[in-house]
Each structure stands twice: as structure tokens, then as C-alpha cells.
Amino acid sequence: MSYDILAFDPAAVTDADFPAWWEEQSQWSEDHSYDDPEVTTANLRSFYNELIQTYPPMNGPGAPAYETWHNDIELVSQMSDYSIGTSLDYGAFSWSRARTARTTFTALAAKHGVAVATVSDDGSILRP
């Protein structure tokens, strides 16, 4: 299990339509790799690029090389699994990092003008 949180383009969906939209998005059926930040919006890409400075990706572009992390327990605990869609960035974090990950995630989302759905919390939606 992981602590999951979602950033998304606020223009992509209303709060009322969010549950159905998220159900569709979480099928991961878009025709692209889900670890490539180039597929998403400029704001989500900027958000992601700043987020991975604190929580590096486990795989894909920007992921640390095996030699960098395999003996670094602290780095491993910071690494996160991301899925990037055309209008979303989904992050799965270690539960030991849940509180700090949420704080960082929501602060950066506000800075970059993207919305957040607290998937592993109460599911609330925070908009810029």
C-alpha cells in the first residue's frame, strides 16, 4: 500500500464530475508512456519537475541510476512512483512520508496552478 495523491489540470473536470473522470483516467488507457512528463500540460510538467527534486521518480526520465540509490536508504525512502497522463500527475509515496509528501505536493500544486485530489485521505479536491 502507498499514500496516493493526484494533481490535475483544474480545467479538465469539475468537482461534481471528478469521480467518473477519475474512474476513467485510472484505467491508464491513454496511448503513451505514463512515466514521461512531456505528455502532460505545461503547469503539470513544471509541478512534476519541482516535485521530483524532493521525491525522485522510481523509474522513467529523471529517475536516479541504480548505482546512486541501491545503498542509500534515505534516497530509497524518498523515491516515489508516478503516473503521468495528459491532464494529471499521480503520485504514490511511502506511508512513512505521507504527511510531508502531502504538504509538499499541495504547496507545489498551488504554486503551479494545478488542482489536487487527496486520494488516500478523504478524497477532497483542492483547487488553485
Could you tell me the separation between the CG atom of Leu51 and the OG atom of Ser80, rounded to the nearest 0.5 Å?
7.0 Å
Nearest 0.5 angstrom please: Asp9 CG to Thr41 OG1, how far?
5.0 Å
Are the side chains of Asn59 and Asp81 in touch, meaning some heavy atoms are under 4.5 Å apart?
yes
Of all heavy-atom pairs linking Ser96 and Ser94, the shortest is OG-OG, 2.8 Å
For Ser46 and His112 the tightest heavy-atom approach is CB-ND1, 3.4 Å
Would you say the side-chain atoms of Gln53 pair up with the backbone N or O of Asn49, donor to acceptor, closer than 3.5 Å?
yes
Using a 3.5 Å distance criterion without hydrogens, assess whether the side chain of Asp122 forms a donor-acceptor pair with backbone atoms of Ser124.
yes
Is there side-chain contact between Thr40 and Thr86, with heavy atoms separated by less than 4.5 Å?
no
Got a second to check how far Glu50's CD is from Leu108's CG, nearest 0.5 Å?
4.5 Å
Distance-minimising heavy-atom pair for Ile5 and Ala117:
CG1-O, 3.6 Å
salt_bridge(Asp89, Arg45) N-O dist < 4.0 Å:
no
What about Tyr48 and Tyr82, are their ring centers closer than 6.0 Å?
yes
Are Val119 and Trp95 joined in one hydrophobic group, where the rule is that I, L, V, M, F, W and Y side chains link up if heavy atoms are under 4.5 Å apart?
no
What pair of heavy atoms forms the shortest contact from Pro61 to Pro37, and how long is it?
CG-CD, 4.2 Å
With a 4.5 Å limit on heavy-atom distance, are the side chains of Ser120 and Tyr3 in contact?
yes
So do Leu6 and Phe18 actually touch side chain to side chain, heavy atoms under 4.5 Å?
yes
Looking only at heavy atoms, which two atoms of Leu88 and Trp21 are closest? And how far apart?
CD2-CH2, 4.0 Å
For residues Asp4 and Ser2, is any side-chain donor paired with an opposing acceptor at under 3.5 Å?
yes
No-hydrogen, no-angle side-chain donor-acceptor test under 3.5 Å, Thr14 and Asp17
yes
Evaluate the side-chain proximity of Phe8 to Tyr90: yes if any heavy-atom separation is below 4.5 Å, no if none is.
no
Just say parallel, tilted or perpendicular for the rings of Tyr55 and Phe93, cut-offs at 30° and 60°.
perpendicular
Roughly how far, to the nearest 0.5 Å, is the CG atom of Asp121 from the CZ atom of Arg102?
4.5 Å
Over 60° means perpendicular and under 30° means parallel, so classify the ring planes of His32 and Tyr34, tilted if in between.
tilted
To the nearest 0.5 Å, atom CD of Glu30 lies from atom OG of Ser87 at 6.5 Å
All heavy atoms of Val13 vs all of Arg127, minimum pair found to be O-NH2, 2.6 Å
Any side-chain to backbone donor/acceptor pair from Thr106 onto Thr103? Under 3.5 Å, distance only.
yes
Could you tell me how the ring of Trp22 sits relative to the ring of Trp28: parallel (under 30°), tilted (30 to 60°) or perpendicular (over 60°)?
perpendicular
Just wondering, do Val39 and Ile84 contact through their side chains at under 4.5 Å, heavy atoms?
yes
Go through the steps to decide whether Ile125 and Val116 satisfy the test side-chain contact (heavy atoms from CB on, under 4.5 Å), and finish with yes or no.
CA-CA 6 Å; Ile125 295 173; Val116 172; over 6 Å; no
